[in-house]
Trainee: 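Here it is: the structure, laid out below.
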Amino acid sequence: MAHVSKPHSSQALVIIPTYNERDTIAEAVKRLLAAAGDSVEVLVVDDGSPDGTGALVRELQLGSPSLHLLERRRKLGLGTAYVEGFRKGIEQGYWALVEMDADLSHDPAAVPGLLVALAEADLAIGSRYVPGGEVQDWSLDRKWLSRAGNIYARAWLGFPIKDSTSGLRAYRTEFLARQNLGSVVSRGYGFQIEMARRIYRAGGRIVEVPICFTDRTLGRSKMSKRITFEAIGSVTIWGLRDRLGGRTPRFDADMPGKQSPGHHPKR
């Protein structure tokens, strides 16, 4: 289990899920701490990586008190890793919770900009599809799948977000803590869309910050057409529920302050 020594209300917690990321995790953490300094701490959530990612992170911890590790026995999915990380961050009182991949496709230097954006938002998304954002080194079919998936999500779910599948993002903890994290159903990449939809439907303020996404050069991508179409299937179900009057639970029953914060997404 991860142990974070004390609450850090002035710091953000960057959550990095890993599965066989030994080749890149050290560099990702190094760049992140160099870019964000004392404003962040890092929680790696490792799903029993056969390549020894967890063991390497334990070695890195010896020289970095800002690095924490949560080890799970087996591969349980991206969504559950983030939810566990969110709960740790909420319990320890970090003011913001950040999602970031370990494979260096997300530039760690973009994290400070996301945290600045939270001054006027409850969710700041690192977006490839707003002016100034871009994708490098992707094949044409992968670009098409990503673009099409985001267009479909935007049209079917009725929100204005141009990159709801982006995995580089930051949440304001006080808003995220009101969400019913126990009802999150997505384990894979559909998690990003599900969380964006939840924040939107709960009245959260959402902004998109342009980023440059670079395809990984080490290791193997876990993205596939199957995963993409599974996410599209989930979007279809959520959209049907919205149209039929179904509602997503917005706040935990045992959390104080159940009233809607009254925020509206930026359009």
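One is the number of the first residue; the rest follow in order along the sequence. Values below: every heavy atom of this structure, side chains too, minus hydrogens, waters and symmetry copies.
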Trainee: Under a 4.5 Å cut-off applied to non-hydrogen side-chain atoms, are E134 and F213 in contact?
Mentor: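 They are not in contact (no side-chain heavy atoms under 4.5 Å apart), so the answer is no.
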Trainee: Which atoms form the tightest heavy-atom contact between L69 and G54, and what is the distance?
Mentor: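 Closest approach of L69 to G54: CD2-O, 3.6 Å.
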Trainee: Checking Q61 against H68: is there a side-chain donor and acceptor pair closer than 3.5 Å?
Mentor: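 Short answer, no.
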Trainee: Measure the acute angle between the ring planes of Y82 and F191, then classify it against the limits of 30° and 60° as parallel, tilted or perpendicular.
Mentor: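 The arrangement is parallel - the two ring planes meet at less than 30°.
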Trainee: Would you say Y152 and L157 make side-chain contact, with heavy atoms under 4.5 Å?
Mentor: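 No, every pair of side-chain atoms sits at 4.5 Å or beyond.
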Trainee: For I125 and I206, run side-chain contact (heavy atoms from CB on, under 4.5 Å): C-alpha distance rounded to whole Å, both residues' side-chain angles, the deciding distance at 0.1 Å, then the answer.
Mentor: CA-CA 8 Å; I125 297 175; I206 301 173; 4.1 Å; yes
Trainee: Is a side-chain N or O of H106 found less than 3.5 angstrom from the main chain of D101, in a donor-acceptor match?
Mentor: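 Looks like yes, one N/O pair under 3.5 Å.
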Trainee: Any salt bridge linking R22 with D51? Criterion: basic side-chain nitrogen under 4.0 Å from a carboxylate oxygen.
Mentor: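 Between D51 and R22 there is no salt bridge, as every charged N stays at least 4.0 Å from the carboxylate O atoms.
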Trainee: Looking only at non-hydrogen atoms, find the nearest pair between T165 and Q192 and report the distance.
Mentor: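 Heavy atoms of T165 and Q192 come nearest at O-CG, 3.7 Å.
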Trainee: Kindly indicate whether the side chain of E208, heavy atoms from C-beta on, has any atom under 4.5 Å from the side chain of I161.
Mentor: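 Yes. Closest side-chain heavy atoms under 4.5 Å.
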Trainee: Report the C-alpha distance between T214 and L104 in whole Å, list the side-chain angles of each, state the deciding distance to 0.1 Å, and finish with yes or no for side-chain contact (heavy atoms from CB on, under 4.5 Å).
Mentor: CA-CA 8 Å; T214 305; L104 298 176; over 6 Å; no
Trainee: To the nearest 0.5 Å, what is the distance between CH2 on W138 and CG on L140?
Mentor: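 One finds 12.0 Å between CH2 of W138 and CG of L140.
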Trainee: Indicate yes or no: at least one non-hydrogen side-chain atom of V44 is less than 4.5 angstrom from one of L67.
Mentor: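 Yes, at least one pair of side-chain atoms sits under 4.5 Å.
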Trainee: Is there a side-chain contact between M100 and R169 in this structure, where contact means two heavy atoms from C-beta onward sitting under 4.5 Å apart?
Mentor: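 They are not in contact (no side-chain heavy atoms under 4.5 Å apart), so the answer is no.
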Trainee: Please report the interatomic distance CZ(R128) to CG(L168), rounded to the nearest 0.5 Å.
Mentor: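 If we round to the nearest 0.5 Å, R128:CZ and L168:CG are 10.0 Å apart.
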Trainee: Minimum heavy-atom separation for G85 to I15, with atom names?
Mentor: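 Minimum heavy-atom separation between G85 and I15: C-CD1, 3.4 Å.
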Trainee: Are I211 and S127 close enough that some pair of their side-chain heavy atoms sits under 4.5 Å apart?
Mentor: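 They are not in contact (no side-chain heavy atoms under 4.5 Å apart), so the answer is no.
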Trainee: Please give me the minimum heavy-atom distance between P108 and A35, naming the atom from each residue.
Mentor: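 Shortest heavy-atom contact: O-CB, 4.0 Å.
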Trainee: Going by side-chain hydrogen bond (donor to acceptor under 3.5 Å, both in side chains), name the residues that satisfy it together with T80, two or more places apart in sequence or in a different chain.
Mentor: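 Testing T80 for side-chain hydrogen bond (donor to acceptor under 3.5 Å, both in side chains), a comparison that skips the adjacent residues, returns R72.
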Trainee: Decide yes or no on salt bridge (charged side-chain N to carboxylate O under 4.0 Å, His left out) for K88 and E84, but give the supporting numbers first.
Mentor: CA-CA 6 Å; K88 289 290 181 184; E84 287 202 45; over 6 Å; no
Trainee: Verify the distance criterion only: is there a donor paired with an acceptor across the side chains of R58 and T53 at less than 3.5 Å?
Mentor: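 No.
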Trainee: Once rounded to the nearest 0.5 Å, what's the spacing between atom NZ of K143 and atom CG of D137?
Mentor: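 Here the interatomic distance stands at 8.5 Å.
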Trainee: Take D46 and V57 through the side-chain contact (heavy atoms from CB on, under 4.5 Å) test and state the conclusion after the steps.
Mentor: CA-CA 9 Å; D46 185 66; V57 173; over 6 Å; no
Trainee: Decide side chain to side chain donor-acceptor pair (under 3.5 Å) for S10 and Y94; before the verdict, give the C-alpha distance in whole Å, the side-chain angles of both, and the deciding distance to 0.1 Å.
Mentor: CA-CA 7 Å; S10 64; Y94 291 88; over 6 Å; no
Trainee: Distance-only, no hydrogens or angles: does the T173 side chain make a donor-acceptor pair with backbone N or O of A96 under 3.5 Å?
Mentor: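 Judged by distance alone, yes, a pair lies under 3.5 Å.
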Trainee: For the pair E91 and R87, find out whether any cationic side-chain nitrogen is under 4.0 Å from an anionic carboxylate oxygen.
Mentor: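 No.
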Trainee: Do you see a donor-acceptor pair shorter than 3.5 Å between the side chains of D103 and T24?
Mentor: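 No pair is found: no donor N or O on one side chain lies under 3.5 Å from an acceptor on the other.
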Trainee: May I ask you to check whether over 12 heavy atoms, not counting those of L62, lie within 6.0 Å of atom CG?
Mentor: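 Count over threshold, so yes.
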Trainee: So is K75 actually on top of Y19's ring, under 6.0 Å and inside 45° of the axis?
Mentor: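 Verdict for Y19: a cation-pi partner in K75.
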Trainee: When rounded to the nearest 0.5 angstrom, what is the spacing between CG in L97 and CG in L123?
Mentor: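 Those atoms lie 11.5 Å apart.
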Trainee: Can you find a heavy atom in the side chain of M195 that is under 4.5 Å from one in the side chain of L176?
Mentor: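 They are in side-chain contact.
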Trainee: So, for S166 and G126, which heavy atoms are closest and what is the spacing to 0.1 Å?
Mentor: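 Where S166 meets G126 most closely, the heavy atoms are OG-O, 2.5 Å.
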Trainee: Which atom names give the shortest non-hydrogen contact between V40 and L115, and what distance separates them?
Mentor: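 Minimum heavy-atom contact is CG1-CD1, 4.0 Å.
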Trainee: Under 3.5 Å, side chain of R172 to main-chain N/O of L118, donor-acceptor pair present?
Mentor: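 Checking the backbone N and O of L118 against the side chain of R172, a donor-acceptor pair under 3.5 Å is found.
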Trainee: Evaluate the salt bridge (charged side-chain N to carboxylate O under 4.0 Å, His left out) criterion for residues D215 and R142: first the C-alpha distance (whole Å), next the side-chain angles of each, then the deciding distance (0.1 Å), finally the verdict.
Mentor: CA-CA 11 Å; D215 199 14; R142 191 171 177 188; 3.2 Å; yes
Trainee: Drop me the distance from L33's CG to D38's CG, to the nearest 0.5 angstrom.
Mentor: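 So the gap between those two atoms works out to 9.0 Å.
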Trainee: Cluster question for you: counting only ILVMFWY and a side-chain heavy-atom cut-off of under 4.5 Å, with indirect links fine, are V185 and F86 together?
Mentor: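 V185 and F86: one cluster.
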Trainee: Is a side-chain donor or acceptor of D122 paired with a backbone partner of F175 at a separation under 3.5 angstrom?
Mentor: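 No; zero donor-acceptor contacts below 3.5 Å.
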Trainee: Please step through side-chain contact (heavy atoms from CB on, under 4.5 Å) for the pair E41 and V14, ending with a clear verdict.
Mentor: CA-CA 6 Å; E41 293 200 349; V14 181; over 6 Å; no
Trainee: If only atom types and distance count, is the side chain of S39 paired as donor or acceptor with the main-chain N or O of A36 below 3.5 Å?
Mentor: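 Confirmed, S39 side chain pairs with A36 backbone.
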Trainee: When you group the ILVMFWY residues by side-chain heavy-atom contacts below 4.5 Å and let the links chain together, are W144 and I151 in the same group?
Mentor: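 I151 does not cluster with W144.
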Trainee: Rounded to the nearest 0.5 Å, what separation is found between the OG atom of S146 and the CG atom of D141?
Mentor: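 Between S146 OG and D141 CG, I get 11.5 Å after rounding to 0.5 Å.
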Trainee: Can you confirm whether the side chains of Y200 and S164 place a donor and an acceptor under 3.5 Å from each other?
Mentor: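 No, no side-chain donor-acceptor pair sits under 3.5 Å.
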Trainee: Can you confirm whether V98 sits close enough to Y171 that some side-chain heavy atom of one is under 4.5 Å from a side-chain heavy atom of the other?
Mentor: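 They are not in contact (no side-chain heavy atoms under 4.5 Å apart), so the answer is no.
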Trainee: Do V184 and L76 sit in the same hydrophobic cluster, where Ile, Leu, Val, Met, Phe, Trp and Tyr count as joined when their side-chain heavy atoms come under 4.5 Å apart?
Mentor: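 Different clusters.
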Trainee: Same hydrophobic cluster for V130 and V111, using side-chain heavy-atom links shorter than 4.5 Å among ILVMFWY?
Mentor: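 Not linked; separate clusters.
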